[in-house]
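Here is the structure we will look at, set down as structure tokens.
Note: hydrogens, waters and symmetry copies are ignored here, and every other heavy atom, side chains too, is used. All residue numbers refer to positions in the sequence shown, counting from 1.
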Amino acid sequence: MPRSQLLQLMGLPQDSLDHNYANLHANWDVVERHLTFHPEEASISDVSTSTSSLPYSFSPLYIALRNEKTPVPHHVLDLLLRYNDNTNANVRNHNNDNLIIMACRNPQTTSAIMNRLLHQIHPNFAHSKYYWHATPLHVIAKSGKSLEAIREIIRWCPSSLMTQDSHDRRLPLHVACAEGLASIVDLFMEEETKYMERSTSSSSSSRSS
């Protein structure tokens, strides 16, 4: 089945089912104009294949968030969010990635993009876990490009997210250490200290009462 014109403007070839969404060359100015006149195409998904050769469906919003070569501009993301069918908000691929996880996997994701996603979709998506039971903080700590995007997740979520481990019992802090990302390590240690201080204070207050 041929891809929609919107998907082709986003850099996908017309007929091939397999494509690396991270390396698309998108013409975002043209995409913006096209969306203005054809908003219905924001809900027409692409069908791709995984390593297991099983088909998966991905919305234009999902594909835009994955693009590392030509990252989606904020104003185009706003259009995709506005016109996207809400049923696609929690769509997951074969790795159990939803839109928040996908944004965290992209090293080009900015704090502004993360803010838009968490505000317009739902902050609870930041608590989602994917295939290896890792949280968005595990994933973004591995890509490790935007401290401000990490701060945005922490700002929207309770600090307990810092203490959730993955399938191999690693915290987000452990991932940042393994990747050698000193600035993220410092941020996580700072946030964990705040969380422990609040937990201790709350526990002491409960005993006093």
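- Considering every non-hydrogen atom in both Cys104 and Met114, the closest pair reads SG-CE, 3.8 Å.
- For the pair Val31/Val76, a side-chain contact is recorded, criterion being any heavy-atom separation below 4.5 Å from C-beta on.
- A distance of 9.5 Å separates CG of Asn106 from CD1 of Ile140, quoted to the nearest 0.5 Å.
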>> Applying side chain to side chain contact (heavy atoms under 4.5 Å, CB included) to Leu6 and Ile44, what does each step give before you reach the verdict?
In response: CA-CA 9 Å; Leu6 174 63; Ile44 300 177; over 6 Å; no
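- Residues His38 and Ser4 bring no donor and acceptor atom of their side chains to less than 3.5 Å of each other.
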Pair Asn27-Leu9, side chain to side chain contact (heavy atoms under 4.5 Å, CB included): steps then yes or no: CA-CA 6 Å; Asn27 188 332; Leu9 292 173; 5.8 Å; no
| Ile184 and Ile150: side chain to side chain contact (heavy atoms under 4.5 Å, CB included), yes or no, with the steps? | CA-CA 8 Å; Ile184 296 178; Ile150 295 175; 3.6 Å; yes
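- The CG atom of Leu181 lies 11.0 Å from the CG atom of Leu173; values are rounded to the nearest 0.5 Å.
- Counting only distance, with no hydrogens or angles, the side chain of Thr70 and the backbone of Leu24 share a donor-acceptor pair below 3.5 Å.
- Within the 4.5 Å cutoff, the side chain of Ile113 has heavy atoms near those of the Leu65 side chain.
- In this structure, CD1 on Ile154 lies 8.5 Å from CD on Glu190, to the nearest 0.5 angstrom.
- Counting only residues at least two apart or on different chains, the side-chain hydrogen bond (donor to acceptor under 3.5 Å, both in side chains) pairs with a member in residues 174-185 are Lys142-Glu179.
- Heavy atoms from other residues, nucleotides or ligands lying under 6.0 Å from NE2 of His25 number 12 at most.
- Under the 3.5 Å distance criterion, with hydrogens and angles disregarded, no donor-acceptor pair is assigned to the side chains of Tyr62 and Asp46.
- Taking 4.5 Å as the limit, every side-chain heavy atom of Val175 sits out of range of all side-chain heavy atoms of Val139.
- Side-chain atoms of Asn115 never come within 3.5 Å of backbone atoms of Glu152 as a donor-acceptor pair (strictly under, hydrogens ignored).
- Partner of Thr110 under the side-chain hydrogen bond (donor to acceptor under 3.5 Å, both in side chains) criterion, chosen from His74, Arg116, Glu148: His74.
- Under the 4.5 Å side-chain criterion, counting only non-hydrogen atoms from C-beta, Pro73 is not in contact with Leu77.
- Looking at Leu171 and Leu137, their side chains never come closer than 4.5 Å, going by heavy atoms from C-beta outward.
- Under a 3.5 Å cut-off, the side chain of Gln108 and the backbone N or O of Lys69 do not form any donor-acceptor pair.
- A side-chain donor-acceptor contact under 3.5 Å links Trp28 to the backbone of Pro71.
- Considering OG1 of Thr109 and CD of Glu68, their distance stands at 8.5 Å, rounded to 0.5 Å.
- The NE2 atom of His34 lies 9.0 Å from the CG atom of Leu7; values are rounded to the nearest 0.5 Å.
- A salt bridge (charged side-chain N to carboxylate O under 4.0 Å, His left out) check over residues 32-45, counting only residues at least two apart or in different chains, returns nothing.
- Leu118 has its side chain within reach of Ile100: a pair of non-hydrogen atoms, C-beta onward, lies under 4.5 Å apart.
- Arg3 contributes no side-chain N or O that, together with a main-chain N or O of Leu12, makes up a donor-acceptor pair within less than 3.5 Å.
- Looking at Arg170 and Asp165, their side chains never come closer than 4.5 Å, going by heavy atoms from C-beta outward.
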| task | Determine, step by step, whether Asn67 and Tyr21 satisfy the side chain to side chain contact (heavy atoms under 4.5 Å, CB included) criterion, reporting the C-alpha distance in whole Å, the side-chain angles of both residues, the deciding distance to 0.1 Å, and the verdict. | result | CA-CA 6 Å; Asn67 194 331; Tyr21 295 146; over 6 Å; no
